[in-house]
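Source: prediction; values computed, not measured. To find a chain, count down the sequence lines: A is the first, B the second, and so on, and within it residues start at 1.
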Amino acid sequence: MWTRDTLTTLALAVVAILAPIGSVAQAQDKGKPSKADIIAKGEYLARAGDCIACHTAPEGKLFAGGRAMPTPFGTLYTSNITPDPDTGIGKWTADDFHKMMHTGRSPDGGLLYPAMPFGSYTKVTREDNDAIFAYLTSIPPVKQPNRPHDLRFPYNNRSLILGWRTLFFREGEFRPDANQSAEWNRGAYLVEGLGHCGMCHTPINALGGSSESEAFQGGLIPMQNWYAPSLTSNKEAGLGDWSLKDIADLLRTGISNRGTVYGPMAEVVYNSLQYLTDEDIRAMAVYLKSIGQGSPPEPPSSAVPTTESSLLLSLGKTVYDNQCASCHGAQGQGKPPHYPPLAGNQSIQMASAVNPIRMVLNGGYPPGTFGNPLPHGMPPFAQSLSDNEVAAVVTYIRAAWGNRGTPVTAAQANELRSAPLN
Amino acid sequence: MPHRFSLLGLFASTALGLLVFTTAFSKPTLAQTQDQAPDTPAARVLACAPCHGAQGQGTSDPYFPRLAGKPAGYLFNQLIAFRDGRRRYPPMNYLLEFQPDDSLKHMAEYFAEQRPPLPEQGVPTVSKEVLAHGETLVTQGAADRGIPACSSCHGVHFTGMDPGIPGLLGLRAKYISAQLGAWRYGTRTANAPDCMQLVAGHLTEEDVNAIAAYLSSRPAPQDPSPAKKGSYALPFACGSQPN
């Protein structure tokens with residue numbers, strides 16, 4: 001049962017891990033954590049929430065905001081969340097901060113744009129919000145006025161957010177499932193709350209909303225042209241048949257014996273997940289493994305004529321043997337964890353072929369992490385392979401060695417040459 | 001007896017050999033029975049090879065620069081600038097976005113240590129007059145226009161100087177003029193004082209073409225390694241080469 005007591009115990013456990021031994025002893029003496037312990041806990045939770053990824057601009061000051069967030073409706077600029085009284089959140093109270101996280105409203109009652117993941121943060125406990133607020137008020141204040149958003153008409157009308165909220169926002173703190181273990185509940189709390197995984201891994205519709213009934217079913221990330229795979233279907237990134245160790249390795253180090261993170265997920269590991277404790281990563285793994293059940297219907301049969309696809313396959317094998325096999329192996333077995341296996345790799349066979357095409361075109365480095373500080377990178381092939389060759393090799397790896405993906409066309413490969421890179 | 005002894009000896013030495021063999025080769029495969037990726041800097045920078053060459057020697061595309069033998073500090077500064085978006089080239093920005101400093105430092109050190117042969121020097125496609133103008137600017141500068149000689153910072157043999165001043169050898173004219181153009185227009189910048197931006201700001205388009213033509217036709221010196229730090233005094237302060 002997820003009671004206040006278990007919460008407190010968990011909170012204390014986190015503090016105990018983070019705080020120097022002396023201060024823990026002190027905290028236990030007083031029966032309540034010291035200010036320094038709360039700030040340390042808040043810093044950890046801010047990592048779990050990946051606040052830094054959006055609220056710090058490239059080469060900018062920590063948490064001073066100003067990062068451009070392109071959306072289908074225009075460009076948003078993130079806000080200054082340093083404790084500067086005029087341009088940051090220096091005049092906010094802990095109540096204001098909790099209200100913002102919980103309801104998506106700023107202290108003056110204004111509605112936040114849902115690029116701020118308050119739909120997930122609403123699940124965060126008051127105690128955790130207080131710790132994050134204590135941390136944010138402890139960092140150096142930066143005087144940097146917020147840059148006005150640059151949204152197209154009619155999206156520049158904030159009252160439209162009301163409609164969005166009615167359709168897509170469900171306010172409410174995380175409710176533990178009494179039938180599950182404390183570890184599972186901790187994982188669910190992190191994944192659904194601060195981790196805000198659903199922001200990408202739930203399909204986003206034309207209104208910019210994500211539907212609760214389709215939670216974690218995957219979708220194309222707007223503006224970035226990466227496909228965020230389903231976390232519930234084992235045919236995509238569902239982790240139901242992964243070992244807990246492989247899931248934990250992937251989340252914390254960016255590499256594993258089953259696959260490697262890339263694209264937007266590399267950012268999440270780099271800025272957030274690598275900093276989490278073994279216990280929290282394991283809890284997330286336990287939860288993610290549990291929701292990876294069942295499979296959607298078979299992917300639609302190929303739109304590519306059979307004669308064309310057999311030509312693609314034979315060209316694809318030639319390209320593969322010349323360009324890919326030295327690292328990924330003649331049988332797609334890879335050299336894990338640094339050269340991921342392609343045989344049986346879900347991320348290659350998904351109905352959407354966007355990610356494997358982009359990996360072939362753009363290559364990529366896994367994030368450099370504490371667990372994998374000097375990563376091995378995959379070369380880009382955009383310059384050396386034609387659209388036809390890219391389509392052929394992606395078709396081949398989607399169909400060889402028992403993989404069950406559908407063929408892709410040269411037009412699909414060509415279209416992704418102009419996808420934004422960062 | 002001697003016969004048996006030698007057999008025993010053969011057996012013993014074979015067993016010892018096997019032991020050494022298995023110890024030497026089983027270490028990396030203890031945890032894994034599968035093949036492992038080579039744990040070498042060369043394997044980690046394979047992602048750079050299609051554009052820059054496996055040893056950083058450059059490729060046939062004139063816009064992708066040679067990296068081999070440039071000072072590690074210079075390469076590191078560029079990797080940081082690409083990672084943080086100060087220097088814009090989306091394929092580079094994308095690849096480096098989530099690399100910590102230490103990973104970038106290892107990449108820089110790898111390419112700084114490489115010494116593949118320099119390419120055949122380019123045959124200038126410009127007139128003698130343009131080439132002569134380039135030579136004057138590169139070797140003497142133009143004091144009346146505030147332009148120092150390239151060689152005053154990049155060295156008389158254009159090998160650069162540790163840790164932050166790049167060599168200019170093995171670069172094609174197109175790359176040199178594109179970069180000088182980027183400095184002139186302010187799309188390429190470096191840490192203040194941004195000496196290259198100051199210098200390039202005084203150059204005309206004709207100057208840029210002449211400099212690019214002359215520099216890309218320089219022969220390889222005997223030792224292409226960068227000069228040691230402090231080998232010569234710079235004409236002015238430079239943020240990339242702190243004293």
Enquirer: What part of Pro380(A) lies closer than 4.5 angstrom to a heavy atom of chain B: side chain, backbone, both or neither?
Expert: both
Enquirer: What about the rings of Tyr396(A) and Tyr320(A), do their centers lie closer together than 6.0 Å?
Expert: yes
Enquirer: Given that the side chain runs from C-beta out, which part of Glu267(A) has a heavy atom under 4.5 Å from chain B: side chain, backbone, both or neither?
Expert: both
Enquirer: Pick one of side chain, backbone, both or neither for Pro50(B), based on which atoms fall under 4.5 Å of a heavy atom in chain A.
Expert: side chain
Enquirer: Only pairs of heavy atoms separated by less than 4.5 Å count here; which of Gly263(A), Pro375(A), Gly364(A) has the most with chain B?
Expert: Pro375(A)
Enquirer: Are the side chains of Leu46(B) and His376(A) in contact, using a 4.5 Å heavy-atom criterion?
Expert: no
Enquirer: Pick one of side chain, backbone, both or neither for Ala43(B), based on which atoms fall under 4.5 Å of a heavy atom in chain A.
Expert: both
Enquirer: Check each atom of Pro38(B) against the heavy atoms of chain A and say whether the ones under 4.5 Å are side chain, backbone, both or neither.
Expert: both
Enquirer: Have a look at Tyr262(A) and tell me which of Trp226(A), Tyr270(A), Tyr227(A), Tyr365(A) forms a ring-ring contact (aromatic ring centres under 6.0 Å, His included) with it.
Expert: Trp226(A)
Enquirer: Which of the residues Pro420(A), Gly368(A), Ala382(A) is involved in the greatest number of heavy-atom pairs with chain B at under 4.5 angstrom?
Expert: Gly368(A)
Enquirer: Give a yes/no on whether the SG-to-SG distance for Cys153(B) versus Cys238(B) is below 2.5 Å.
Expert: no
Enquirer: Distance under 6.0 Å and angle within 45° of the ring axis: does Arg47(A) meet both against Tyr275(A)?
Expert: yes
Enquirer: Is it possible for you to check whether Arg87(B) lies under 6.0 Å from the centre of the six-membered ring of Tyr89(B), through NZ or CZ, and within 45° of that ring's axis?
Expert: no
Enquirer: Mind checking the SG-CG spacing from Cys324(A) to Leu342(A)? Nearest 0.5 Å is all I need.
Expert: 7.5 Å
Enquirer: So for Pro366(A), is it side chain, backbone, both, or neither that comes closer than 4.5 Å to the heavy atoms of chain B?
Expert: backbone
Enquirer: With chain A as the partner, which of His106(B), Met107(B), Gln99(B) has the greatest number of non-hydrogen pairs under 4.5 Å?
Expert: Gln99(B)
